[in-house]
Amino acid sequence: MQHFSSGSARITSVGYWLGMLIMLLTVFGCTVAPTTSPKLRIDTSALQAAPSSPVVAAPSATTAKTAPAAVTPEPPVKPVKPRPARYAWNPGKSKKGPVTVVVSLSDQKAYVYRNGVKIAYSQVSTGKRGYETPTGSFKILQKRKKHKSNLYEDGDMPYMQRLTWDGIALHGGRVPNRPASHGCIRFPHRFASKLYGITGLGSRVVIQDYHPGDELI
């Protein structure tokens with residue numbers, strides 16, 4: 001019984017001091033202060049000294065636009081002038097005799113014979129489509145150095161030599177190396193003047209589809 005009492009006294013003693021300790025803590029408010037982290041100080045002097053204007057980044061090599069290459073202008077193209085109609089004139093090969101003019105529609109050329117000898121040739125322009133020059137053998141019916149067409153307002157017909165009374169004639173005019181007239185036979189102006197000087201009323205003009213001769217005189 002004594003042994004039990006001694007143990008009880010120890011328990012009572014321990015409990016007493018635990019109670020006293022709790023009371024002291026309560027009275028004096030001894031609590032554990034929370035741990036506070038130190039404040040972080042930031043140096044703002046660098047921010048205040050920064051420039052107020054925005055900084056523009058330089059463009060990279062991939063995004064930078066290259067200036068377009070200078071274009072060298074091409075030299076102006078000069079208009080091609082039509083080549084003058086070709087002709088040849090050698091009346092000295094036969095100085096006398098009747099004159100005959102042979103017009104070839106296929107190669108747009110005329111050949112001039114005097115006393116059966118070829119003394120000249122020239123490119124001509126005969127009737128275009130719808131105004132074809134008639135074929136056949138004709139005589140010169142009328143001659144006029146200056147003449148205007150009765151059918152066409154712009155129809156100047158210098159050195160006109162009429163073949164038919166319905167409007168077919170030899171005369172000077174534009175010769176574009178193709179059929180382009182309203183039925184007449186156009187010669188280069190210089191050739192028309194020369195031919196006018198050696199023909200007469202009644203001189204023979206033969207118009208045919210093809211002439212087998214050459215240009216040699």
Side-chain angles (χ1 to χ4, degrees), residues 78-217:
K78 294 182 179 180
V80 179
K81 293 183 179 180
R83 294 166 59 182
R86 294 186 305 163
Y87 67 86
W89 183 263
N90 187 8
K93 290 188 68 174
S94 180
K95 297 181 179 180
K96 294 182 180 181
V99 174
T100 302
V101 180
V102 179
V103 178
S104 174
L105 299 179
S106 60
D107 57 4
Q108 293 290 284
K109 288 184 175 65
Y111 303 87
V112 182
Y113 297 85
R114 184 155 60 184
N115 202 29
V117 178
K118 184 164 59 177
I119 62 171
Y121 82 89
S122 174
Q123 287 184 304
V124 298
S125 181
T126 59
K128 59 187 175 182
R129 181 176 296 182
Y131 299 91
E132 286 82 0
T133 301
T135 59
S137 178
F138 305 87
K139 289 183 178 181
I140 295 176
L141 303 175
Q142 184 184 39
K143 295 180 64 169
R144 286 184 180 174
K145 285 187 178 181
K146 294 182 180 180
H147 182 74
K148 273 190 172 292
S149 171
N150 297 326
L151 300 176
Y152 306 102
E153 294 181 359
D154 58 347
D156 285 331
M157 302 168 64
Y159 303 105
M160 185 275 295
Q161 303 186 73
R162 185 183 297 275
L163 302 182
T164 68
W165 292 111
D166 59 356
I168 304 301
L170 312 177
H171 64 85
R174 186 174 66 91
V175 181
N177 302 327
R178 68 177 187 278
S181 77
H182 289 96
C184 290
I185 298 95
R186 296 180 189 166
F187 291 87
H189 286 278
R190 289 187 178 181
F191 190 91
S193 173
K194 294 177 183 295
L195 182 63
Y196 188 92
I198 65 170
T199 59
L201 296 178
S203 293
R204 183 72 57 183
V205 177
V206 179
I207 304 173
Q208 56 192 30
D209 292 326
Y210 175 72
H211 180 65
D214 53 39
E215 299 174 357
L216 297 177
I217 297 175

Visitor: So, the side chain of Thr135 versus the backbone of Ile207: is there a donor-acceptor pair under 3.5 Å, distance only?
Guide: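 No, the answer is negative, given that no donor and acceptor are paired below the 3.5 Å cut-off.
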Visitor: Donor-acceptor check, side chain of Ser125 to backbone of Ala180, threshold 3.5 angstrom: yes or no?
Guide: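 Flag set: sc Ser125 to bb Ala180 pair under 3.5 Å.
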Visitor: Does Asn177 offer a backbone N or O that forms a donor-acceptor pair with the side chain of Gln108 under 3.5 Å?
Guide: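 Side chain of Gln108 to backbone of Asn177, a donor-acceptor pair under 3.5 Å: no, none is there.
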Visitor: Taking Thr199's backbone N and O only, do any of them form a donor-acceptor pair with Lys143's side chain (distance below 3.5 Å, no angle check)?
Guide: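 Yes, because the side chain of Lys143 sits within donor-acceptor range (under 3.5 Å) of the backbone of Thr199.
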Visitor: Hey, could you give me the CD1/OG1 distance between Ile168 and Thr133, rounded to the nearest 0.5 Å?
Guide: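 So the CD1 of Ile168 and the OG1 of Thr133 are separated by 6.0 Å.
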Visitor: Enter the distance from His182:NE2 to Glu132:CD here, rounded to the nearest 0.5 Å.
Guide: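 It is 12.0 Å, given to the nearest 0.5 Å.
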Visitor: I need the minimum non-hydrogen distance between Leu163 and Ile185, along with the two atoms involved.
Guide: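 So the minimum-distance heavy-atom pair works out to CD1-CD1, 4.2 Å.
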Visitor: Could you tell me whether a side-chain N or O of Arg144 sits under 3.5 Å from a main-chain N or O of Met160, the two making a donor and an acceptor?
Guide: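 Checked: no pair found.
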Visitor: Is there a donor-acceptor pair closer than 3.5 Å between any side-chain N or O of Thr126 and the backbone N or O of Leu105?
Guide: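 No; zero donor-acceptor contacts below 3.5 Å.
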Visitor: How many angstroms lie between NZ in Lys194 and CD1 in Ile119, if you round to the nearest 0.5 Å?
Guide: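 One gets 11.0 Å once the value is rounded to the nearest 0.5 Å.
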Visitor: Would you confirm whether Ser104, through its side chain, and Lys109, through its main-chain N or O, come within 3.5 Å as a donor-acceptor pair?
Guide: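 Flag not set: sc Ser104 to bb Lys109 has no pair under 3.5 Å.
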Visitor: Calculate, to the nearest 0.5 Å, the distance between atoms CG and CZ belonging to Asp156 and Arg174 respectively.
Guide: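 If I round to the nearest 0.5 Å, the distance is 13.5 Å.
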Visitor: I want to check something: taking the side chain as every heavy atom from C-beta on, are Phe191 and Val112 in contact at a cut-off of under 4.5 Å?
Guide: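 A side-chain contact under 4.5 Å exists here.
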Visitor: Val206 versus Tyr113: any side-chain heavy-atom pair under 4.5 Å?
Guide: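 Val206 does not reach Tyr113 side chain to side chain.
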